[in-house]
Amino acid sequence: MLLGKKRKLGRRLEEISTGEKLTLTEKIEDKDLLLFLGLTNDANPLYIQHDYASQTNYKKPIVPSIMLTGIITSAISKYMPGPGSHIIKQEIEFVKPVYHYDTIQFLFEVVKINQERRTISIQVQATDEQEETAIKGILEVCPPQHFESVDED
């Protein structure tokens, strides 16, 4: 456990500007899918069985939407605004399926800063290799609170 250790926190509300952007590219690999499905004990045949998925409208196995949501959540926690931040509301639409081995590019943009609530709104859009939108959404995020006892310089 990391209890008691000082950790670098993400940026404060005052350090964030409307229009800031972050781009991340993620390739969906078998190892990531199997690890996720193993941890969640999810054996949905649509995610792992080619023979089943081939009979559906998707034609091949798809990536679980909650796994894609995890990639989005991780980007907020790691980069924008970073460690110590927390998503308090999210609206995510999965416009088209993401398949195994797809490379997805995520674009995050700060679209609103609410000083009164001390939150920021981040728009997210993910596109596939054909540059078609696969995911779009909006997140309301509380940037980290900085305290002397846990903030590392």
Side-chain angles (χ1 to χ4, degrees), residues 1-42 44 46-47 57-58 61-153:
M1 273 238 161
L2 302 174
L3 294 177
K5 292 190 176 192
K6 291 184 178 185
R7 297 285 170 230
K8 180 78 174 154
L9 294 175
R11 293 180 300 139
R12 303 169 197 237
L13 184 73
E14 298 76 25
E15 300 170 318
I16 299 168
S17 303
T18 302
E20 284 185 32
K21 295 180 182 177
L22 169 70
T23 303
L24 294 175
T25 302
E26 294 282 339
K27 181 163 178 64
I28 308 299
E29 302 280 354
D30 278 343
K31 65 178 177 53
D32 303 316
L33 283 160
L34 293 173
L35 181 60
F36 175 81
L37 295 171
L39 287 172
T40 59
N41 198 26
D42 190 343
N44 185 338
L46 185 57
Y47 303 148
N57 293 339
Y58 301 109
I62 63 172
V63 177
S65 55
I66 194 69
M67 182 176 168
L68 297 165
T69 303
I71 294 170
I72 293 169
T73 301
S74 177
I76 298 299
S77 294
K78 288 197 262 184
Y79 308 113
M80 185 185 239
S85 59
H86 177 63
I87 298 171
I88 58 173
K89 182 179 178 183
Q90 61 185 12
E91 288 182 34
I92 300 174
E93 181 180 353
F94 300 92
V95 180
K96 65 177 284 202
V98 173
Y99 296 100
H100 297 203
Y101 312 112
D102 279 356
T103 298
I104 305 297
Q105 185 168 47
F106 291 85
L107 173 63
F108 298 85
E109 181 178 358
V110 177
V111 293
K112 182 179 176 186
I113 298 173
N114 187 325
Q115 295 288 346
E116 185 178 309
R117 290 192 62 193
R118 304 216 33 90
T119 62
I120 60 174
S121 296
I122 299 174
Q123 183 175 304
V124 62
Q125 181 173 349
T127 54
D128 60 18
E129 295 167 21
Q130 292 75 41
E131 298 183 8
E132 295 178 355
T133 299
I135 304 166
K136 61 182 178 179
I138 188 86
L139 312 166
E140 189 174 349
V141 178
C142 285
Q145 296 180 23
H146 289 252
F147 304 104
E148 276 310 308
S149 62
V150 296
D151 194 13
E152 182 181 274
D153 293 324

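Numbers for residues simply follow the sequence, beginning at 1. Note that these values count all heavy atoms, side chains included, but never hydrogens, waters or copies made by symmetry.
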Original post:
How many angstroms lie between NE2 in H86 and CG in L139, if you round to the nearest 0.5 Å?
Top reply: 11.5 Å
**OP:** Run the numbers on V124 and L107 for side-chain contact (heavy atoms from CB on, under 4.5 Å), then give the verdict.
**Re:** CA-CA 6 Å; V124 62; L107 173 63; over 6 Å; no
Original post:
Which is it for V63 and L68 under the side-chain contact (heavy atoms from CB on, under 4.5 Å) test, yes or no, and what are the steps along the way?
Top reply: CA-CA 7 Å; V63 177; L68 297 165; 3.9 Å; yes
Subject >> Exercise: do Q125 and T133 side chains pair donor with acceptor under 3.5 Å >> reply: yes
Subject >> pair K89-I87: side-chain heavy atoms closer than 4.5 Å >> reply: no
**OP:** Output, in order, the C-alpha distance, side-chain angles, deciding distance and verdict of side-chain contact (heavy atoms from CB on, under 4.5 Å) for I122 and M80.
**Re:** CA-CA 9 Å; I122 299 174; M80 185 185 239; 4.1 Å; yes
**OP:** For Y79 and L24, indicate whether the former's side chain and the latter's backbone hold a donor-acceptor pair under 3.5 Å.
**Re:** no
Original post:
Where the side chain of K27 meets the backbone of Y101, is there a donor-acceptor pair that is under 3.5 Å apart?
Top reply: yes
**OP:** Compare all side-chain heavy atoms of I138 with those of Q90 and state whether any distance is below 4.5 angstrom.
**Re:** no
Original post:
For Y58 and Y99, which heavy atoms make the closest approach, and how far apart are they?
Top reply: O-OH, 3.1 Å
Original post:
Under 4.5 Å between any side-chain heavy atoms of M67 and D32, yes or no?
Top reply: yes
**OP:** Mark yes or no for whether T69, through its side chain, and S65, through its backbone, hold a donor-acceptor pair below 3.5 Å.
**Re:** yes
Original post:
Considering only heavy atoms from C-beta outward, does the side chain of R11 approach that of E20 to under 4.5 Å?
Top reply: yes
Subject >> Inter-residue atom distance T119.OG1 - N114.CG, 0.5 Å rounding >> reply: 4.5 Å
**OP:** Find the distance between CD (Q123) and CD (E109) and round it off to the nearest 0.5 Å.
**Re:** 6.0 Å
**OP:** Under the side-chain contact (heavy atoms from CB on, under 4.5 Å) rule, what do V111 and T18 come out as? Steps first, then yes or no, please.
**Re:** CA-CA 5 Å; V111 293; T18 302; 5.6 Å; no
**OP:** Determine whether P64 and N44 make a side-chain contact, defined as any pair of heavy atoms from C-beta on separated by less than 4.5 Å.
**Re:** no
Subject >> Pairs where residues 112-132 contributes a residue and the test salt bridge (charged side-chain N to carboxylate O under 4.0 Å, His left out) is met, not counting sequence neighbours >> reply: E14-R118, K96-D128, K96-E132, R117-E140
Subject >> Backbone of L33 reached by a side-chain donor or acceptor of H100 within 3.5 Å >> reply: no
Subject >> Heavy-atom check, side chain of T23 versus side chain of F108, under 4.5 Å >> reply: no
**OP:** Would you indicate whether the side-chain heavy atoms of P143 and R12 approach each other to under 4.5 Å?
**Re:** no
Original post:
Backbone N or O of I76 within a donor-acceptor pair of the S85 side chain at under 3.5 Å?
Top reply: yes
Subject >> Side-chain heavy atoms of I135 within contact of I92, under 4.5 Å >> reply: yes
Subject >> From T127 atom OG1 to K136 atom NZ, the distance as rounded to the nearest 0.5 Å >> reply: 13.5 Å
